[in-house]
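Worksheet: the structure to be examined is printed underneath.
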Number of protein chains: 2
Amino acid sequence: MEVALLRTDDIQTVRSLPLFAEISESHFGALMRAAFLQRFPAQTLLIHEGDQADFLHVIVEGMVEMFSNSDGEETTIGFLEPVSTFILAAVLVEKVYLQSARTLGPSRILMIPAQAIRDVFARDPAFAGSVVRELAERYRDVVRQLKSQKMRSGLERLAAWMLERGIRRGETLEVHIPFEKAKLASFLGMTRESLSRSFAALADHDVMVRGRVITCNRSDALARLARTLGSSDSS
Amino acid sequence: MEVALLRTDDIQTVRSLPLFAEISESHFGALMRAAFLQRFPAQTLLIHEGDQADFLHVIVEGMVEMFSNSDGEETTIGFLEPVSTFILAAVLVEKVYLQSARTLGPSRILMIPAQAIRDVFARDPAFAGSVVRELAERYRDVVRQLKSQKMRSGLERLAAWMLERGIRRGETLEVHIPFEKAKLASFLGMTRESLSRSFAALADHDVMVRGRVITCNRSDALARLARTLGSSDSS
DNA sequence: CGCCGCTTTGAGTCCATTCAATTCCGGTGG
DNA sequence: CCACCGGAATTGAATGGACTCAAAGCGGCG
């Protein structure tokens with residue numbers, strides 16, 4: 001867990017984020033001077049829910065899992081890959097985090113002090129616009145997740161996830177799961193065992209599972225399964 | 001469904017919303033001039049998911065249900081009472097609504113053109129701050145709902161809802177359900193029948209149900225049931 | 001008083017989970 | 001190169017919780 005200086009190309013990467021695309025050069029510079037880049041090993045707890053939100057985190061490299069736990073249970077709320085920010089909402093309202101975050105692999109995380117974000121937000125209208133758009137999209141993501149959870153079956157959620165995340169090669173859909181299947185199950189709101197059985201059930205739809213690589217020769221069949229909520233999936 | 005002029009006291013009511021508390025007088029005036037107040041009977045569809053977000057709605061009087069449906073199913077996502085706004089996110093990103101809205105009783109709704117909101121957002125930093133705080137709180141609400149849905153049982157969700165919504169009189173908790181129980185069930189993510197059985201199960205905890213009025217003499221027992229997620233319920 | 005819609009209750013079914021055991025797979029060391 | 005180890009994933013059997021379907025209460029309102 002070491003603090004490192006920001007490299008020029010890292011800064012360029014961060015700058016390319018929609019969140020920072022329209023910020024003025026001087027304000028961006030102010031943020032970057034206040035920020036620091038840190039390297040974390042896998043399985044590091046970055047954020048603990050209930051703690052005060054002191055930093056906006058930007059994942060520059062690696063992978064992060066957002067999760068929450070109550071009494072023994074733990075549920076995965078989302079996965080983050082470079083380059084994206086997380087926990088923007090808590091930072092803006094100066095409240096505690098509602099979710100925890102951990103690295104799933106060795107990662108480099110840029111941490112920007114919450115106060116700096118709030119300061120620039122107040123002074124840079126263009127940045128304010130980007131912040132609100134980012135936040136609104138996140139809001140919409142969670143609404144979609146909630147609807148999915150309440151209205152779709154586990155099998156349908158799986159099919160929808162595959163379509164959303166897989167890459168299409170003609171009629172063939174190929175999905176690579178970049179983490180343990182148990183985490184995918186938790187994200188989809190089911191047990192490992194149920195996920196496994198769901199994959200088995202999708203054999204009818206020409207779905208083949210080889211480890212973490214899933215292929216489907218008739219993606220339209222999957223799409224019919226997940227058709228639910230289709231109208232709202234326009235991002 | 002008639003369009004009415006804004007009365008002075010209505011404007012004052014709207015102005016008292018956190019969302020408009022810090023806006024400049026002239027910008028607020030601009031919004032109000034572009035807006036109009038409309039009266040709707042019960043069961044009127046105000047917003048249909050999938051449509052373009054043209055207005056920010058402010059509920060001035062009455063009650064509104066947010067919901068969504070996919071293939072035959074319908075699920076309730078939330079209830080709104082005066083004075084609050086809804087669908088701010090869709091308005092800000094110029095996207096389609098992800099949820100539908102209908103009145104549950106005769107209501108008066110103030111409708112502000114989306115473009116006006118976006119214009120003032122860009123020009124009034126104080127308003128921008130209010131918008132982002134409002135949006136962040138809404139985001140956090142949905143995250144709580146999602147966590148609740150994934151980690152709590154139906155019974156626990158019910159107990160938590162009662163504690164959140166009921167008024168405490170000493171050790172006694174009193175909750176009034178201002179709509180059909182079927183809608184509450186849908187909101188909590190269960191069927192009417194399950195909700196009914198859940199209420200019956202709460203008899204062990206000194207919960208009495210008389211129509212839409214629920215009372216509980218030992219609210220601490222309820223709190224223990226819903227203790228789950230307690231750490232994150234700090235709004 | 002009687003109707004109609006909401007709510008409750010009952011019985012049966014189904015789906016997801018739990019618990020337990022086995023298989024699969026990647027990595028390590030002999 | 002192969003045998004072995006441990007965690008992950010799958011499979012099976014049994015349980016249980018929530019849902020569906022159907023019927024009976026209850027309550028408000030004309």
Side-chain angles (χ1 to χ4, degrees), chain A residues 42-43 63 65 70-76 104-106 148-159 161-162 175-204 207-215 225 228, chain B residues 42-43 63 65 70-76 79 102 104-106 148-159 161-162 175-204 207-215 225 228:
Chain A
Q43 302 302 329
M63 177 169 280
E65 175 192 13
S70 303
D71 66 323
E73 294 301 313
E74 172 170 326
T75 193
T76 299
L104 288 184
S148 194
Q149 197 63 42
K150 289 180 76 175
M151 301 204 283
R152 293 207 265 223
S153 70
L155 195 68
E156 289 168 333
R157 287 197 294 277
L158 174 57
W161 182 85
M162 286 174 59
V175 196
H176 178 73
I177 308 174
F179 34 71
E180 299 168 9
K181 282 184 186 162
K183 298 220 177 284
L184 175 59
S186 175
F187 174 70
L188 294 176
M190 50 177 131
T191 59
R192 312 188 255 299
E193 294 94 329
S194 292
L195 176 63
S196 186
R197 287 183 239 273
S198 293
F199 272 129
L202 286 178
D204 303 342
V207 170
M208 275 160 306
V209 181
R210 286 189 311 276
R212 288 179 179 177
V213 180
I214 322 290
T215 48
L225 230 187
T228 324
Chain B
Q43 302 300 329
M63 176 168 278
E65 175 192 12
S70 303
D71 66 320
E73 295 301 313
E74 172 170 326
T75 194
T76 299
F79 304 101
R102 72 163 69 94
L104 290 183
S148 193
Q149 197 63 41
K150 290 181 77 176
M151 301 203 283
R152 293 208 266 224
S153 70
L155 196 67
E156 290 168 332
R157 288 197 294 278
L158 174 57
W161 182 85
M162 286 175 57
V175 197
H176 178 73
I177 309 174
F179 33 72
E180 298 168 11
K181 283 184 186 160
K183 297 221 177 286
L184 174 58
S186 176
F187 174 70
L188 294 176
M190 49 177 131
T191 58
R192 313 187 257 300
E193 294 94 330
S194 292
L195 175 62
S196 185
R197 287 184 241 271
S198 294
F199 272 128
L202 286 179
D204 304 341
V207 170
M208 275 161 305
V209 180
R210 285 190 311 277
R212 287 179 179 175
V213 180
I214 322 290
T215 50
L225 229 187
T228 324

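Everything quoted here is computed from the prediction, not taken from an experiment. Protein chains get the first letters and strands the later ones, always in sequence-line order, with residue 1 at the start of each.
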For C:dT17, take OP1 and OP2 only and decide whether either is under 4.0 Å from a side-chain N or O of A:S194.
-> yes

Does the C:dT18 base have a donor-acceptor partner in the side chain of A:R197 within less than 3.5 Å?
-> yes

Atom CZ of A:F199 to atom P of D:dA8: distance rounded to whole Å?
-> 17 Å

B:Q43 CD to C:dG5 P, in whole Å, measures 13 Å

Check for a donor-acceptor pair, side chain of B:S186 on one end and backbone N or O of B:T76 on the other, with a separation under 3.5 Å.
-> yes

Between C1' of C:dT8 and CD of B:E193, the distance in whole Å = 9 Å

Keeping the roles fixed (side chain from B:R152, backbone from B:R157), state whether a donor-acceptor pair exists under 3.5 Å.
-> no

To the nearest Å, how far apart are B:K150 NZ and C:dA16 P?
-> 16 Å

Distance check: side-chain N/O of B:K181 vs OP1/OP2 of C:dT8, anything under 4.0 Å?
-> yes

From CZ of A:R192 across to C1' of D:dG7 the rounded distance in Å is 11 Å

OP1 or OP2 of D:dC19 less than 4.0 angstrom from a side-chain nitrogen or oxygen of B:T191, does that happen here?
-> yes

Given atom CG of B:L195 and atom C1' of C:dT9, what is their separation to the nearest angstrom?
-> 14 Å

Atom pair distance, as rounded to whole Å: CE in A:M190 and P in D:dT10 | 12 Å

Can you check whether B:R192's main-chain N or O pairs, donor with acceptor, with B:S196's side chain at less than 3.5 Å?
-> no

Interatomic distance, B:I214 atom CD1 to B:K181 atom NZ [nearest 0.5 angstrom] = 5.0 Å

What integer distance in Å separates A:E180:CD from C:dC25:P?
-> 16 Å

